[in-house]
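See structure below.
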Amino acid sequence: MARITGSWLSGPSAALPEGNGNTDTAYRGEKLGLPQDGVGSIAPTGRRLIALLIDWLLSLGIAGLIYSASPFAQPSTITLLVWLVLGILAVTLFTFTPGQLITGIQVAMTNGAPRVDIVHAGIRSLLLALVVPAFVTDGDGRGLHDRLSKTVVLRSR
């Protein structure tokens, strides 16, 4: 019984075989082969949150324009849909959303692909819209939405 409770109380690495649970790294992104700081390093949480806020406010403005033309649509639903479309298309086409451009971060594939394809961008945005996966992070600071979509958010400047 102690082994069972120890594994879920100690986190997911406790369930790994002996010697494989070493999650100690010198910095975030080391396991992914990323630099410790500067361009190409893991984006800090503050920049990510500011980028998300900018994207949400932009989506809210666009949704307001759409909502004013249709009295039957729900503003919150339109805002979420605009945010999803904005996120998927912008990340697929440019590797960053408007908020990420302003804050100097971008989305990259962990496999080294030059761009994020629409499938991975869609998975990432849909999971991010659920909010909870973004709060489940690993030692590199990547949310569950990034892990499942095989992406990472990096500094671009």
As an exercise, state the distance from [atom1] of [X] to [atom2] of [Y], rounded to the nearest 0.5 Å.
X	Y	atom1	atom2	answer
T95	L101	OG1	CG	9.5 Å
T103	D55	OG1	CG	8.0 Å
S125	L130	OG	CG	11.0 Å
L34	T110	CG	OG1	9.5 Å

Who passes side-chain contact (heavy atoms from CB on, under 4.5 Å) against [X], sequence neighbours left out?
X	answer
L80	W56, W83, L84, A129
V136	L144
P44	R47, R155
E30	T25, A26, Y27

Which heavy atom in [X] sits nearest to a heavy atom in [Y], and how many Å separate them?
X	Y	value
T79	A63	OG1-CB, 3.3 Å
P35	S41	O-CB, 3.2 Å
T92	R115	O-CD, 3.8 Å
L154	A108	CD1-CB, 3.7 Å
P98	A90	CD-CB, 4.4 Å

List, by chain and then residue number, the residues other than [X] in its hydrophobic cluster (Ile/Leu/Val/Met/Phe/Trp/Tyr, side-chain heavy atoms under 4.5 Å); write none if there are no others.
X	value
V153	V91, I105, V107, M109, V116
V132	none
L49	none
I54	I50, I102

According to the salt bridge (Lys or Arg N to Asp or Glu O under 4.0 Å) rule, which pairs have a member within [range], sequence neighbours left out?
range	result
residues 123-140	R124-D146, D138-R147
residues 91-113	none
residues 83-92	none

Does one hydrophobic cluster hold both [X] and [Y], with members joined at side-chain heavy-atom distances below 4.5 Å?
X	Y	answer
V119	I88	yes
L127	F135	no
L89	F94	no

Residues at least two apart in sequence or cross-chain that pass side-chain hydrogen bond (donor to acceptor under 3.5 Å, both in side chains) with H120, listed by chain then number, are D117
Using modelled atom types only, decide if a donor and an acceptor are shared between the side chain of S156 and the backbone of G104 within a distance under 3.5 Å. yes
Taking the side chain as C-beta and beyond, is there a heavy-atom pair between [X] and [Y] under 4.5 Å?
X	Y	result
L52	Q100	no
L86	L58	yes
T45	R28	yes

